[in-house]
Amino acid sequence: MAKTLEKQWEDLLGKQTKATLPEFWKKYCDVEAKIYAFLLKQPELAWKGVFSEMADSLHIDSIYFMGWLDGINSSLTQELELDSITKESELDLKADPEKLYFNMHAADADHLYELAEWDDVLPAERREEIATEYRRSRTVHKEKLPGRNDPCPCGSGKKYKHCCGA
């Protein structure tokens, strides 16, 4: 049985070595920026077509196009079943712009969230709000630990140092 496009993408990722990784990611990031620049120009961030025709229209290798689909999948209004996609699959892609922008920050993809094409999709103020939301989502709030002389949080009535802190 032939490997699925998703499996081929995963195999390509898995074959990368420390030496090949920088070149691989540069190529992928260039492909990714090219596709997003195109998508951001589409009305309502929607794009329909056959997988192979979509990839060919932008002169993108099908395996890298599959990698892009893997990356955008969680930002689509309806996620795709990636393991069932073939070169003949009909795709109906519609991205949620705010979710997409947020996820680009989560992926630390400044080469994507800084694309000039965003200017026509989301106002600069909203993009800044989303960036702030992302930064806040990464803030960890650590619960204050009881001090030695504080009442024990177990409810025993004893000082922490004579109870659970002993």
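All of these numbers come straight from a predicted model, not from anything done at the bench.
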For Leu82, what residues pass the side-chain contact (heavy atoms from CB on, under 4.5 Å) criterion, not counting sequence neighbours? Glu6, Met66, Leu69, Asp70, Asn73, Leu80, Ile85
Contacts of Thr20 that satisfy side chain to side chain donor-acceptor pair (under 3.5 Å) - sequence neighbours left out: Gln16, Thr17
Applying ring pair (Phe, Tyr, Trp, His ring centres under 6.0 Å) to Tyr36 and not counting sequence neighbours gives Trp68
Pairs in or reaching into residues 74-90: which pass salt bridge (charged side-chain N to carboxylate O under 4.0 Å, His left out), with residues at least two apart or in two chains? none
Would you mind listing every salt bridge (charged side-chain N to carboxylate O under 4.0 Å, His left out) that reaches into residues 103-116, with sequence neighbours excluded? none
Cluster overlap Leu58 with Leu100, hydrophobic side-chain contacts below 4.5 Å: yes
same_hphob_cluster(Trp9, Leu21) at 4.5 Å side-chain heavy-atom cutoff: yes
side-chain contact (heavy atoms from CB on, under 4.5 Å) with Thr139: which residues, sequence neighbours excluded? His141
Who passes side-chain contact (heavy atoms from CB on, under 4.5 Å) against Val121, sequence neighbours left out? Leu40, Leu45, Pro97, Trp118
Going by atom type alone, with no hydrogens or angles, which donor-acceptor pairs under 3.5 Å involve a side-chain atom of residues 155-166 and a protein atom two or more places apart or on another chain?
unit_1: Ser156; atom_1: OG; unit_2: Lys158; atom_2: N; d: 3.2
unit_1: Lys161; atom_1: NZ; unit_2: Asn149; atom_2: OD1; d: 2.9

Rounded to the nearest 0.5 Å, what's the gap from OH on Tyr28 to CG on Asp61? Could you check? 12.5 Å
Counting only heavy atoms not in Arg135, do more than 12 fall under 6.0 Å of its CZ? yes
For the residue pair Tyr64 and Phe24, does the interplanar ring angle fall in the parallel (under 30°), tilted (30 to 60°) or perpendicular (over 60°) class? tilted
How long is the span from the NZ atom in Lys48 to the CG atom in Leu91, to the nearest 0.5 Å? 11.5 Å
Determine the interplanar angle of the Phe65 and Phe51 rings, folded into 0 to 90°, and report it as parallel if under 30°, tilted if 30 to 60°, perpendicular if over 60°. perpendicular
Would you compute the distance between atom CG of Asp11 and atom NZ of Lys7 and round it to the nearest 0.5 angstrom? 4.0 Å
With sequence neighbours left out, which residue pairs that include part of residues 27-41 fulfil the salt bridge (charged side-chain N to carboxylate O under 4.0 Å, His left out) condition? Lys26-Asp30
How long is the span from the CH2 atom in Trp25 to the NE2 atom in His111, to the nearest 0.5 Å? 9.0 Å
Let me confirm one number: the NZ-CD distance from Lys94 to Gln42, rounded to the nearest 0.5 Å. 11.5 Å
Salt-bridge criterion met for Arg127 and Glu117 (N-O under 4.0 Å): no
State the CG-CD distance between Leu145 and Glu143, to the nearest 0.5 angstrom. 7.5 Å
Find out whether Ile35 and Ile72 are in side-chain contact, i.e. whether some heavy atom of one side chain is under 4.5 Å from a heavy atom of the other. no
Only counting residues at least two apart or in another chain, list the ones meeting ring pair (Phe, Tyr, Trp, His ring centres under 6.0 Å) with Phe38. Trp47
Between Arg136 and Glu129, does any NZ, NE, NH1 or NH2 come within less than 4.0 Å of an OD or OE carboxylate oxygen? no
Which heavy-atom pair separates Ala37 from Leu115 by the least distance, and what is that distance? N-CD1, 4.1 Å
Mind checking side chain to side chain donor-acceptor pair (under 3.5 Å) for Asp96 and listing every partner two or more places apart, or none if nothing turns up? none
Taking only residues two or more places apart in sequence, or in another chain, which ones meet Glu23 in a side-chain contact (heavy atoms from CB on, under 4.5 Å)? none
